[in-house]
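Chain naming here is simple, since letters A, B, ... match the order of the sequence lines and numbering starts at 1 in each.
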Amino acid sequence: MAEVIIRKLTKSFGDNTVVKSVSLKVEDGEFLVLLGPSGCGKSTILRLIAGLEDVTSGEILINGEIVNFVSPVKRNAAFVFQNYALYPHMTVRKNVAFPLETARLPKDEINKAIDEAARILELQQLLDRLPSQLSGGQRQRVALARAIVRKPVVFLMDEPLSNLDAQLRQQTRIELMELHQRLGVTTIYVTHDQIEAMTMGKRIAILKDGELQQVDTPSETYDKPANTFVARFMGAPPMNLIQGRIEAGVRQFTFNGDGILVTLNSSQMGLTDEVLSLQLNAAVCLGVRPEHVRISTDLSVEGVSGKVKFLEPTGADLFVTVSIGIQNVVVRCPPKTPMQIGSTVTIAFDMTHTHIFGADGWNLRRSN
Amino acid sequence: MSLKSEHTKELHDLALQNSRIRRTKSVIAYAVLGLFVFASVGPIIYIISPAFRESKSLFSYPPQWLPNSFYLGNFKFLLSETNYIRWGINTFIFATGVTVIALIIDTLAGYAFARMEFPGKKIIFGLVLATLMVPTAALLAPTYLLVRNLDDWTFGLIGLDTYGGLIIPMTVSPLGVFMMRQFIETLPKGLFEAARIDGASEWRIFTRIVLPLMKPAVVVLGIFVFMMQWANFLWPLVITTKDETRVLTVGIATLQGQFVTNWGVIAAATLMTLAPITLVFLFFQRWFVQASMAGALKQ
Amino acid sequence: MDLVEQNLSDPDWQELTMSDEEFRRARSRYKLRALVPVVGFLGPFLFLWSVFLATPMVWSIWLSFNTGGLIDEAKFVGLENWSRMLSNDELVRSLKNTATYVVIAIFVVFSLALLIASLLNSNKRGQNFFKVALYFPLLVPPIMAGMIFFFLTHYDMGIINLVLQAMNQEKLNFLGDNPNALLTIVSLEVWRGLGFWVLFFLAGLQSIPADLIDAAKIDGAGSMRRFRKISIPTLRPLLLFAVIIALIFNFQLFDSVQVLTKGGPVLGTTSVVWFIYKRLFAFQDIGLAYATSVGLLLLVVVLTVVAYGFLGKKSENSN
Amino acid sequence: MFLAVLGATALVVGACGGGGSTTPDTQAVVADTQAPVTEDTVAALPFEGVTLTFGKAPHGEDEKANWGEWLPEFEAQTGIKVELTQVPWDQLEALYTANFASDTPYDVTYQTSTHLTLFGERGTFEDLTARINGADFAGDLPNFPAGVLGASTYNNKLYGLPFVVGTTAMFANLDMLKSAGVEVPTSDVELVAAAKAIIADQKAKGNKGVLGFYTPRTVADYGWYFTLQDVHNRGGDFLSADGKTALMDSKEVKESAQFAADMICKDKVQPANGLYNREAAIELFKAGKLAFIQDEPSRVKTFEEAVLPFAWDIYMPVGHNGKATQFATTGHWAISAKSKNADAAWELVKFLSSAAFNSTYNQRYGFVPARLDADASGGNEKLARNASWVAVWDGLKTSPKVSQLLDEYAKALEAATSCKTSVDDAFASAQKGATEALAQG
């Protein structure tokens with residue numbers, strides 16, 4: 001079991017820098033998800049930790065030891081590949097045995113380890129098959145077996161579920177988490193799927209263009225996104241982001257976004273007037289999740305009025321897109337809320353869950 | 001009801017017509033294929049007759065097709081008056097030696113070019129490929145002198161009239177390295193990384209992962225190299241001086257006198273030379289035919 | 001620890017412990033260690049290559065600026081050989097012949113090989129027999145293939161002339177007339193090489209995904225059209241490789257010229273390598289021979305690059 | 001200039017004749033020299049333990065077997081062990097080039113006049129002038145016609161001791177001549193007339209496809225070897241006497257080529273180039289489908305062994321205006337300059353060029369011995385006649401450029417006899433190529 005720390009990790013391929021000074025600390029036994037759109041450098045970070053790529057600058061520590069220049073096997077990190085990378089000419093048993101044979105363990109020890117791994121992953125019936133004779137889920141379990149059999153201190157998983165169909169993916173997700181609970185091995189898990197991240201991660205590290213955006217628990221990343229990128233990336237549908245300016249009102253600051261005028265209650269928003277005043281007249285975004293917008297067909301209710309543009313029933317919810325001037329705001333309603341396209345409604349924001357993203361895109365809540 | 005049966009009949013006719021077209025097509029296809037097989041094998045069959053005739057009656061007038069007697073003199077001559085068997089053994093050792101060594105160094109180098117990172121890789125690979133285009137005849141003399149001078153350096157291992165001298169210079173084939181590299185590049189990158197994570201050294205990755213997977217490509221390259229050396233003439237010619245160290249192609253060439261060619265003997269020698277290689281070929285053809293050349297040669 | 005804080009401040013754990021200098025040194029040590037297996041894997045080939053291929057080649061480049069140098073001492077003459085090479089009529093003729101040969105041989109071999117490969121691909125019965133039979137001629141060493149062709153092209157006893165005679169047609173002068181002689185040499189090459197390319201293209205055709213063909217069938221494309229619209233574009237990368245290999249090998253046309261025609265009749269079959277061979281050995285004109293040899297190498301390199309640019313680009317477009 | 005060439009040629013021919021006249025006395029001398037050598041070997045083998053390497057291209061497929069019988073005699077006499085390497089003709093130059101470039105070339109090699117000086121002038125062969133003038137060769141030297149030695153000498157250096165001289169012979173199918181009622185021709189014009197008459201006669205008798213005359217004119221079949229003597233018969237040469245000027249476009253060269261071309265293109269007494277190579281033509285003659293064939297005298301053996309079903313004989317190839325000379329290459333024994341056993345090599349050369357060995361060798365392969373006291377006929381009347389032609393032998397002189405010049409000549413001859421290129425054009429191009437070759441290096 002080990003703690004993984006990366007410090008100012010940078011990786012360039014020629015002129016192309018794909019990881020930019022990323023620092024991250026993964027606690028011993030933690031399950032951390034690296035999340036980001038494709039090409040954001042999340043897989044590269046994983047490969048850097050594993051030792052499959054060579055670090056341009058920065059440090060990687062496993063269990064307090066700098067492993068930048070240590071061969072992959074000595075880092076004692078297991079890697080689960082997206083396409084499993086099973087050796088096609090070896091049986092399941094041989095595949096699982098390969099790392100142990102490489103380590104020159106005695107035969108009976110190897111057999112014991114294989115048996116145990118097979119038991120954990122329910123592979124007993126499949127040990128003499130070739131990978132080509134297995135289903136996707138089975139291959140995935142073989143890949144896991146090959147990873148755990150070495151008793152590594154860190155699991156590195158690179159989108160291990162992306163080749164499975166939706167149902168199997170959900171099931172395997174649960175199995176993976178059970179496995180983690182059972183073994184308690186520090187795990188870094190790469191995915192581009194935010195649902196996967198939300199459900200699996202103890203913490204999520206969100207990346208964009210090689211830069212770390214936010215490292216937080218799933219609920220924090222959802223409730224308090226660090227910036228507009230995270231705000232839009234987490235949650236479906238994404239957070240409403242309304243562009244506008246902060247103007248000085250009579251007693252309080254107001255947000256003016258092309259017809260959407262919102263009085264900003266800084267204490268409710270967890271901000272101070274000082275912070276807001278710094279952004280006075282700057283182009284900012286007001287962010288609010290669909291579930292934190294109240295909608296009413298009663299036009300006398302205080303708020304901003306707009307027209308219903310789309311209705312998207314998803315079964316559990318009804319998402320209503322309200323257009324106000326050139327801005328659209330998505331609102332989550334209970335499933336059978338009576339709404340008519342084209343009708344005029346009033347919306348109001350729950351200020352305790354409303355965020356202001358400064359001109360640089362970062363959430364003002366985080367700058368204090 | 002009647003409408004329906006009419007329709008069925010129509011369909012039936014159409015199917016019949018289709019199958020007739022298909023059959024005609026396949027008859028034509030096999031006829032064409034047969035023609036090409038005839039063109040391929042015919043010339044070799046054509047020299048069976050001269051091999052069993054006395055040279056004197058080869059081009060007699062009017063043309064004589066079948067030998068009037070089953071004349072074995074040409075074969076007897078080859079077996080008793082020449083070192084034919086020895087040439088055959090030498091050819092086999094030569095071609096096998098080159099093949100084995102070439103396969104080893106080509107697969108190793110192919111692996112390095114495909115899966116290893118080192119400074120100057122592109123330049124080195126480019127240079128290696130450029131030497132693929134050098135006319136071999138032009139390098140004959142410089143290579144010969146090199147081998148000659150290597151005699152002292154290698155304690156006679158690589159020198160004139162030695163298997164070392166015959167074999168080693170021919171093992172260098174940029175094409176082989178190119179083919180192996182191409183093949184290894186088609187293998188999923190993850191395999192190599194998984195093996196590295198599993199703690200395998202490059203050598204273990206190579207022997208346990210790469211070699212088993214590239215068996216078809218290795219066989220194809222092996223057959224290719226073997227054929228090339230089996231047919232090689234100029235190099236064994238200059239590097240061997242003694243009759244006992246010669247290979248078949250050279251030995252047979254020395255049978256030709258100035259301006260005089262003993263066609264019967266040449267025909268017999270050609271047949272006898274084809275016999276063992278045909279056996280080797282038939283033995284490996286299952287491999288060869290199964291081996292996915294597309295894999296070996298894929299871009 | 002406040003997780004938000006991680007990104008905001010620089011807690012102690014984020015401070016690098018290695019100095020730049022230490023990092024650089026450790027990194028270069030690590031990279032150097034990684035080179036050990038490279039040496040092991042590439043070493044044997046690269047060593048033999050530099051001794052037996054690169055060294056003679058560098059030597060031959062040096063000799064192209066000298067006279068003599070093999071049997072006697074080399075004498076530096078600068079660019080004299082190169083200027084002689086450019087003004088040599090026989091070389092011009094050799095180059096023309098070789099180019100003609102290369103174009104015809106590649107065209108004929110590839111067309112026939114593609115035809116046979118697609119026939120075999122759609123007629124699976126007896127496929128192995130045909131493959132073996134077609135591959136057979138490659139087993140015949142060129143020097144013996146030349147002798148076989150002597151039998152075949154004999155004016156009175158050669159099979160083709162006997163057939164022509166039986167059909168009351170005029171017999172052919174295979175090796176004594178132009179362009180017959182060059183075509184005879186092309187046939188020898190086609191005969192020996194066809195099987196190899198059949199197997200090559202067959203493997204390529206078999207690697208075309210079946211659903212692609214099925215889709216075309218459903219769209220109602222005829223077999224000719226399917227071949228043109230699907231097989232050829234899919235085979236294009238393979239074709240590129242084939243053209244380059246064939247270019248390289250065919251430009252080295254030599255064996256059959258030496259066995260069959262000695263460059264005749266009236267320089268009708270003299271090839272560049274035959275030209276080089278004659279200067280090098282029969283005339284001991286070492287400088288001219290090596291200037292030509294290096295020149296040929298450059299030409300083939302250029303052609304390869306051109307072929308790569310041309311076919312390579314097309315294959316990118318088709319994707 | 002032209003006169004100078006004529007003069008030089010006359011001189012060489014004269015010298016040849018002079019050499020011929022010394023025949024009778026030399027045989028005795030040879031017998032004398034054999035004795036001391038034998039004594040030496042009895043006392044103590046002088047070269048015990050020495051191994052010589054010996055390279056030679058074969059004149060027949062049985063040659064290797066024959067050497068197995070010939071060499072032990074020499075090995076027993078001298079204690080020298082000889083390792084023979086058979087060099088294929090087609091790749092002889094490549095093999096020799098590589099071999100001579102190394103530090104350990106063959107000690108003794110067989111060299112034709114086309115290669116002797118090509119390699120010799122590059123320092124590969126020992127100059128044998130001193131050796132042949134030494135006491136141990138005093139008895140042999142007079143047997144070598146001065147013309148033959150002269151033709152083998154370049155810049156006063158003799159890189160190889162002449163062994164055989166090449167000649168060509170015209171074989172005639174006497175039955176055909178008789179049937180057509182023509183005499184054996186004695187000049188080129190008569191040859192064409194006789195060939196035409198025979199073709200007409202055979203055609204009239206229902207024998208279609210009979211051909212009049214054949215000799216190689218192509219590069220592949222060494223056409224120059226069979227054509228150059230006609231240039232000499234006309235008093236010309238393709239190279240000036242001093243070896244410095246190409247005469248490819250000279251009147252004699254072109255006239256002789258025109259004659260050769262006319263036989264194929266105009267008179268149609270010879271089949272077009274390429275229809276029959278040499279071997280095929282020999283078979284035609286054997287089958288009684290060819291009236292005259294000009295080839296090497298070694299074919300006497302071939303024809304005698306085949307027992308031809310008609311009367312035939314050999315004649316000197318006919319020349320312009322009835323003039324007849326022999327003009328071809330010479331075969332030599334050469335010693336490598338780098339040989340570590342030059343003295344032993346010289347012993348081998350002496351053995352190989354001895355009258356006894358020369359007789360043995362040529363009774364098998366039918367060449368004309370380069371020494372007059374050797375008997376290559378072995379009682380064969382036809383071969384004896386052939387051997388006598390050495391008196392009018394006017395051989396190809398050796399020169400470092402000779403193979404390149406012959407290549408130019410041969411290409412032009414092939415072009416001219418292709419019936420598609422004019423003689424003038426063909427030889428203008430040859431002259432250009434030859435002049436360039438001579439100017440170079």
Side-chain angles (χ1 to χ4, degrees), chain B residues 54-64 74 77-78 80-83 137-152 159-161 233-246 249-266 269, chain D residues 53-55 57-65 67-68 83-92 94-106 110 112 166 209 216 221-222 225 276-284 286-290 295-296 298-299 302 305-307 331 365 367:
Chain B
E54 278 192 82
S55 291
K56 282 172 201 154
S57 66
L58 271 194
F59 292 112
S60 58
Y61 290 82
Q64 184 192 339
N74 296 324
F77 174 84
L78 278 173
S80 61
E81 301 295 311
T82 72
N83 275 322
L139 291 189
L140 206 58
T143 315
Y144 173 89
L145 292 185
L146 214 66
V147 170
R148 208 68 214 255
N149 292 333
L150 277 174
D151 212 333
D152 294 338
L160 212 61
D161 284 320
F233 172 66
L234 278 179
W235 176 251
L237 170 79
V238 294
I239 208 67
T240 57
T241 63
K242 297 191 180 81
D243 206 56
E244 305 81 64
T245 54
R246 294 225 139 125
T249 47
V250 178
I252 290 166
T254 57
L255 292 180
Q256 293 186 64
Q258 186 181 29
F259 309 150
V260 184
T261 305
N262 191 338
W263 288 109
V265 170
I266 300 287
Chain D
T53 50
F54 173 36
H59 285 117
E61 78 265 20
D62 59 348
E63 211 189 281
K64 190 175 166 284
W67 283 109
E83 279 178 5
L84 170 72
T85 300
Q86 287 207 294
V87 181
W89 284 101
D90 260 2
Q91 290 77 27
L92 175 143
L95 204 125
Y96 277 161
T97 303
N99 182 265
F100 294 152
S102 72
D103 289 335
T104 47
Y106 300 124
Y110 176 83
T112 60
D221 274 337
Y222 302 88
Y225 192 92
Y276 299 96
N277 65 9
R278 273 186 68 197
E279 292 310 304
I282 291 292
E283 296 303 324
L284 278 181
K286 287 203 288 201
K289 288 180 161 292
L290 185 56
D295 207 285
E296 283 188 289
S298 55
R299 302 292 190 182
T302 317
E305 279 167 21
V307 194
Y365 295 111
F367 287 98

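The closest side-chain heavy-atom distance from Asn83(B) to Lys64(D) is below 4.5 Å. Between Arg148(B) and Asn99(D), the closest side-chain pair of non-hydrogen atoms falls below 4.5 Å.
For a residue to count as touching a neighbouring chain, one of its non-hydrogen atoms must lie under 4.5 Å from one of that chain's; by this rule Gln91(D) touches chain B with backbone and side chain alike. In this structure, the portion of Tyr106(D) lying under 4.5 Å from any heavy atom of chain B is its side chain and not its backbone. Proximity to chain D (any heavy atom under 4.5 Å) is restricted, for Leu234(B), to the side chain, taken from C-beta onward. When heavy atoms are compared at a cutoff of 4.5 Å, Ala57(D) does not approach chain B at all.
Listed here is the closest heavy atom pair of Asn149(B) and Asp103(D): OD1-OD2, 4.3 Å. Shown here for Ser102(D) and Leu145(B), the closest heavy-atom pair between the two residues is N-CD2, 3.7 Å. Residues Val238(B) and Ala94(D) approach most closely at CG1-O, 4.2 Å, considering heavy atoms. Between Ala253(B) and Pro88(D), the closest heavy-atom pair is O-CB, 3.9 Å.
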Pair Val250(B)-Gln86(D), side-chain contact (heavy atoms from CB on, under 4.5 Å): steps then yes or no: CA-CA 10 Å; Val250(B) 178; Gln86(D) 287 207 294; over 6 Å; no
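Among residues two or more places apart in sequence or in another chain, the side chain to side chain donor-acceptor pair (under 3.5 Å) test is passed with Thr53(D) by Asp107(D).
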